[in-house]
Amino acid sequence: NHVAFDSALLGIIVGVFLFIFVYNLFIYSSVRDPSYIYLSLMTLCGLATHLSGSGIGFQFIWPTNPIMGFQVLYLFLPLSFMFFLLFCRSFIEIPKVTPKFDKIIVALSILFLIFALTVFIPGLNQKFFLMSLVFEHLYYWPIIFPAALAMKNGNRAGLFLMIGISLHLLSSMEWFLSNLDIIPYQLMNYLQLKGVSFLLIMTLGLADKINVMKKSLSDLNINLEAKVTARTEELFKKTEELSTANIKLTELDKIKTRFFTNVSHELRTPLTLVLAPLNSFLKGDYGKISKANLYIFESMKRNGDRLLKLINDLLDFSKIEADGMVVDKRQCNFTDLLSDCVSNAETGASSQGIQISFEDKTDGLMMLLDPELMEKAVYNLLGNAIKFNKPGGSIRVSLSQREEECYISITDSGIGIPGDKLESIFDRFGQADTSITRKYEGTGIGLALVKEIVQLHDGHIQVESNLDQGTKFVIVLPIYPLA
């Protein structure tokens, strides 16, 4: 009856199956959504079931093997159920919608796979096929609840799936009623109604799902662009504010530098007028000084010189900040310069029981540099080596040469510098001990000034130190050809 009644229409149904199969495979290659591959495999299984159930397979494909139709049914009918469940699971994202039902879906899919594999086991295939026929009108029921839940959550895929399940119910009803002769057998039998119609609806549902994803992505891009624009405007505004603040800070820094310069000049002038007659008293220009007064005058001279050095350092520092420091490089004997610095520091060192020595490894190195500035740098380092040393300690100064660089090393046996302070000791007004109860005096500009002077000579300074083991400063200067 199938072969006689369906005629050429069955061939058209086969073409529709093939079109849906190829279309979904093609879309899957682009979007990589597993729903498409499951729908394609379900279409292929539905086509095989249609070929077997409609009689086309017997008429055109296996006319000499009538048993083949049953074997195809045994294999592809349960596989179509399995791929249907896997498709629904991916299509409406059942693992996210309802994880409990997802376990049921997975278990049923495995069960239908077992049913399909029994086709290769003689004696069992017919029994399991009968079980498949029982499940044919029941397997889609576990999908109803997740589909309804997906619809409730605003997922339009749930709506398409409910329409497809309604076609399943309609086709099952048609099958029962036609088998009971309540309604006559029609051209569109239940396989075609359930198969082709469902596949077309699901294909439309997948297309709608992609469109929804595209729209969501488009809305996301629009929102992202709006956020980026707003963020860019905010950053631009912040940049303008920072630029304005930077200009103000630069002006304040200039005001501070001018203030330091003016104050230093104002302090140096009266201090010089105080130190000049004090030096005359110490030389005896105004008569002999008693021992008691001599101690007082020497203390005044010592502290006055310390204050004068501080003022001069502040002035030099202000000049460097204002790019007003003039470097007068000229040819000089660097060995003699260092030797003089060490000799002048011997008095202060010996008063504290500190031994100071100088070693020249260059045999009288001639350099192109500013001797006055370099003396300031060396005196600052020697002053620190004496101030932070221990009674009975030592200071070693050495001058060496390697290729086109010279190295001035000043090593002491003093208290050392904590490791976490080594990076900040060259900062302006930075000190290793910043507490108000610190033992050693100082403003924290000495090492900063040394670093600036060394950099003005295109060199750099290094430091190595360990607590209670001493400190080593190394000045590295390039050796330029003498004019």
Side-chain angles (χ1 to χ4, degrees), residues 275 278-279 282-283 294-313 316 332-362 364-365 371-400 406-418 421-422 425-426 431-433 438-451 453-454 461-475:
L275 288 174
L278 189 58
N279 286 327
L282 290 172
K283 290 177 182 179
L294 180 62
Y295 175 78
I296 295 173
F297 281 128
E298 285 178 344
S299 177
M300 293 170 61
K301 173 71 165 55
R302 191 165 50 252
N303 286 287
D305 288 340
R306 184 186 302 171
L307 183 58
L308 182 61
K309 177 183 178 301
L310 174 61
I311 292 172
N312 287 333
D313 285 349
D316 291 337
C332 71
N333 190 315
F334 202 14
T335 301
D336 291 343
L337 185 148
L338 291 176
S339 180
D340 291 342
C341 290
V342 171
S343 296
N344 292 333
E346 282 181 347
T347 303
S350 59
S351 65
Q352 299 185 34
I354 298 172
Q355 293 184 346
I356 184 169
S357 62
F358 171 62
E359 181 183 9
D360 177 30
K361 301 178 183 179
T362 65
L365 178 62
E372 286 77 18
L373 287 180
M374 194 53 62
E375 278 183 356
K376 284 180 181 289
V378 174
Y379 277 134
N380 266 294
L381 293 177
L382 290 175
N384 282 346
I386 295 172
K387 180 168 63 173
F388 297 106
N389 217 318
K390 303 171 184 176
S394 64
I395 300 172
R396 300 191 311 275
V397 182
S398 69
L399 174 63
S400 59
C406 73
Y407 299 82
I408 307 97
S409 171
I410 300 176
T411 308
D412 66 63
S413 59
I415 62 174
I417 304 169
K421 301 293 184 181
L422 288 175
I425 58 172
F426 294 107
Q431 291 182 323
D433 183 4
R438 66 179 187 266
K439 180 179 177 181
Y440 301 97
E441 298 178 352
T443 59
I445 65 170
L447 289 177
L449 183 61
V450 171
K451 181 181 178 182
I453 291 174
V454 171
I461 185 170
Q462 304 167 351
V463 59
E464 300 174 8
S465 183
N466 291 299
L467 280 177
D468 299 322
Q469 296 182 19
T471 303
K472 179 180 180 181
F473 286 94
V474 179
I475 297 176

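No hydrogens, no waters, no symmetry mates; every other heavy atom, side chains included, goes into these values.
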Note to self: Between Asp360 and Ser339, is the side chain to side chain contact (heavy atoms under 4.5 Å, CB included) condition met? List the steps.
What the structure shows: CA-CA 9 Å; Asp360 177 30; Ser339 180; over 6 Å; no
Checklist line | Criterion side chain to side chain contact (heavy atoms under 4.5 Å, CB included) on Val397 and Val378, from CA distance to verdict | finding: CA-CA 10 Å; Val397 182; Val378 174; 6.0 Å; no
Checklist line | Audit row: Phe426, Val450, side chain to side chain contact (heavy atoms under 4.5 Å, CB included) steps and yes/no | finding: CA-CA 8 Å; Phe426 294 107; Val450 171; 5.5 Å; no
Check: Checking side chain to side chain contact (heavy atoms under 4.5 Å, CB included) for the pair Leu399/Phe334: CA distance, chi angles, key distance, verdict?
Finding: CA-CA 9 Å; Leu399 174 63; Phe334 202 14; 4.1 Å; yes
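Annotation: side chain of Phe388 is not in contact with side chain of Asp412 (no heavy-atom distance under 4.5 Å). Here the side chains of Ser357 and Arg396 are in contact, with some heavy-atom distance below 4.5 Å.
Rounding to the nearest 0.5 Å places CD1 of Ile417 at 7.0 Å from CG of Leu447. The distance from atom NZ of Lys387 to atom CG of Asn380, rounded to the nearest 0.5 Å, is 9.0 Å.
In this structure, Ser465 and Leu422 approach most closely via the heavy-atom pair CB-CD2, 4.0 Å. Between Leu382 and Cys341, the shortest heavy-atom distance links the atoms CD1-O, 3.8 Å. A pairwise comparison of heavy atoms in Thr471 and Gly416 identifies OG1-CA, 3.5 Å as the closest pair. Shown here for Ser413 and Asn389, the closest heavy-atom pair between the two residues is OG-OD1, 3.2 Å. Residues Leu365 and Thr335 come closest through the heavy atom pair N-OG1, 3.0 Å. Across Ile356 and Ala345, no two heavy atoms sit closer than the pair CD1-CB, 4.1 Å.
Heavy-atom contacts from other residues, nucleotides or ligands closer than 6.0 Å to NZ of Lys390 number more than 12. Other residues, nucleotides and ligands contribute more than 12 heavy atoms inside 6.0 Å of the CD atom of Glu372.
Phe358 pairs with exactly one of Ile395, Val342, Asp340 by the side chain to side chain contact (heavy atoms under 4.5 Å, CB included) rule, that one being Val342.
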